[in-house]
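For ligands, and for the atoms within them, numbers begin at 1 and follow the listed sequence.
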Amino acid sequence: EINKNDDEKGKADGENSDDAPEQFSPAEASLLQKIIRKGLVESKTDLEIQRKDPNSPLYSVKSFDALHLKPNLLKGVYEMGFNAPSKIQETALPTLLADPPQNLIAQSQSGTGKTAAFVLAMLSRVNPELRYPQVLCLSPTYELAIQTGEVAAHMAKFCPEIELRYAVRGEEVAKNTKLTEHIIIGTPGKVLDWGLKYKVFDLSKIIVFVLDEADVMIATQGHQDQCIRIHKTLSKECQMMFFSATYNEDVMNFAEVIVPRPLIIRLKREEESLNNIKQYYVKCSSQQEKYSAVTNIYGTVGVGQAIIFCHTRRTANWLAEKMTKDGHAVAVLTGELSVEQRINVLDRFRNGTEKVLITTNVLSRGIDVEQVTIVVNFDLPVDVEGRADCETYLHRIGRTGRFGKHGIAINLVDSPASMLICQAIEKHFNRKINYLNAEDSDEIE
Ligand code: ADP
């Protein structure tokens with residue numbers, strides 16, 4: 001079975017026991033980020049252009065109108081509420097839509113508009129009159145493929161003639177049929193099956209090839225080879241689009257194989273910082289005292305929302321149960337939840353249905369829920385060796401320029417060892433973590 005690697009989902013769940021620190025696969029983390037971050041992440045950093053074909057001038061657009069899209073496609077873009085291209089789209093779109101087609105490698109953090117950019121390019125390159133697949137988009141997992149397909153369906157709302165087919169688990173084709181849809185979005189194994197084994201579509205007729213979430217793809221055993229096998233069957237004229245949220249040697253080596261003569265653009269992530277964050281620690285001598293500290297803090301949260309980080313699933317569930325019993329409305333997000341459950345929990349928290357979210361390390365990055373004012377480290381973040389994990393601390397607590405609002409971080413310290421970790425964090429960032437008397441949380445400003 002070629003596609004045995006397609007379904008990464010649940011892998012981490014199965015391997016995690018309740019007392020182990022939660023581990024999430026890159027694909028799961030990526031999906032969660034997409035879900036929690038519904039709007040565009042605006043970036044103040046400048047776009048970096050790394051390589052360009054000296055024969056083709058580089059354009060940038062400030063409006064969607066300037067792209068000369070098909071009217072119904074443009075209508076779909078506006079219908080999605082997009083007024084102007086995001087920073088990455090300003091440069092990516094003219095390249096993706098250029099005639100003759102140009103290849104692109106683009107790297108920027110999640111939420112900066114990559115998916116919308118390549119979906120627009122995919123839709124605009126399709127010739128609906130030709131009844132065969134012309135565009136192929138590879139995603140690392142079932143869920144990520146569906147997310148992309150939903151964006152395409154939304155954007156193509158006024159282009160009903162464009163048809164899309166998912167090549168993912170659960171989708172089947174009869175052997176001797178030929179696909180008539182214009183766009184295929186799928187996972188590598190299934191696409192290999194359909195394209196090479198069953199030959200229900202002709203890979204050499206693909207004119208646009210999109211590799212989404214390349215970094216996640218690499219992190220998934222077997223996917224990279226499958227992508228390369230698919231890539232080998234494509235025609236020389238096929239336009240290659242390569243996207244990644246992170247940028248490192250492995251990703252770039254992969255990109256080199258897939259994308260000849262590319263324009264490479266990068267938008268560096270805005271650094272998170274602890275500026276504007278008031279940090280405190282609370283001394284507790286037992287789990288029960290930690291619980292009291294949390295409920296005291298909860299009482300003072302007021303209009304804002306809070307996220308509480310626990311080290312293990314067991315602690316998270318214990319805390320949630322106890323708070324619920326005491327009449328608090330809390331949401332819990334841990335790795336044992338199904339994808340649908342996670343989406344549900346995050347939606348409710350975003351809407352403010354629950355004011356407190358208890359979670360493990362699932363969300364250490366990307367909690368840009370604007371209304372979150374307090375972050376509680378029920379357990380301080382540590383690495384596998386039990387040392388202070390300053391990077392995770394920064395991801396949990398830190399903010400970027402966008403939400404330069406004030407925030408409060410509270411660290412529950414319950415042993416001499418955790419006091420040392422707290423001090424290590426303080427030293428690392430050279431920012432004072434102040435003592436807070438939990439009995440008197442009025443001190444919190
Ligand atoms: P990425 O693929 O980099 O994670 P997305 O394309 O998914 O980013 O975009 C992130 C969010 O921003 C999505 O909710 C998307 O609908 C929205 N978005 C994308 N482009 C624009 C735009 N030009 N204007 C407003 N919102 C946008």
With respect to [X], determine whether any N or O atom, backbone or side chain, lies less than 3.5 Å from an N or O atom of ligand 1.
X    : result
S108 : no
G113 : yes
K114 : yes

*asked:* If the cut-off is 4.0 Å to any non-hydrogen atom of S110, which atoms of ligand 1 fall inside it?
replied: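 Atoms satisfying the 4.0 Å criterion: 4 (O).
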*asked:* Can you name the atoms of ligand 1, numbered from 1 with element, that are less than 4.0 Å from a heavy atom of S86?
replied: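 Listed by number with element: 23 (N).
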*asked:* Which option wins on minimum heavy-atom distance to atom 16 (O) of ligand 1: F243, F118, F82?
replied: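 Ranked by closest heavy atom to atom 16 (O) of ligand 1, first place is F82.
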*Evaluating non-hydrogen atoms only, which member of A84, A116, S244 is closest to atom 23 (N) of ligand 1?*
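That would be A84.
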*Check side chain to side chain contact (heavy atoms under 4.5 Å, CB included) between S124 and all other residues, then give those that pass, not counting sequence neighbours.*
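S124 satisfies side chain to side chain contact (heavy atoms under 4.5 Å, CB included) with L69, L73, L97 only.
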Just so I know, are the side chains of [X] and [Y] near enough to count as touching, which here means a heavy-atom distance under 4.5 Å?
X    : Y    : answer
Q134 : N127 : yes
I88  : L47  : yes
N72  : K70  : no

_Among residues at least two apart in sequence or on other chains, which ones pass salt bridge (Lys or Arg N to Asp or Glu O under 4.0 Å) with E163?_
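Salt bridge (Lys or Arg N to Asp or Glu O under 4.0 Å) check on E163 returns R131.
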*Heavy atom of Q89 under 4.0 Å from ligand 1?*
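Yes, Q89 has heavy atoms under 4.0 Å from ligand 1.
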_I'd like to know whether ligand 1 has Q109 as a neighbour, heavy-atom separation below 4.0 Å._
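Yes; Q109 lies near enough to ligand 1 that a heavy-atom distance drops under 4.0 Å.
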*asked:* Return the CD to OG1 distance between E150 and T115, rounded to the nearest 0.5 Å.
replied: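 Reported value, rounded in 0.5 Å steps: 12.0 Å.
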*Specify the closest pair of heavy atoms between V208 and I206, including all atoms of both residues, with the distance to one decimal.*
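Smallest interatomic distance, heavy atoms only, reads O-CG2, 3.2 Å.
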_Once you restrict to heavy atoms under 4.0 Å, what part of F64 touches ligand 1? Side chain, backbone, both or neither._
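For F64, only side-chain atoms sit under 4.0 Å from ligand 1.
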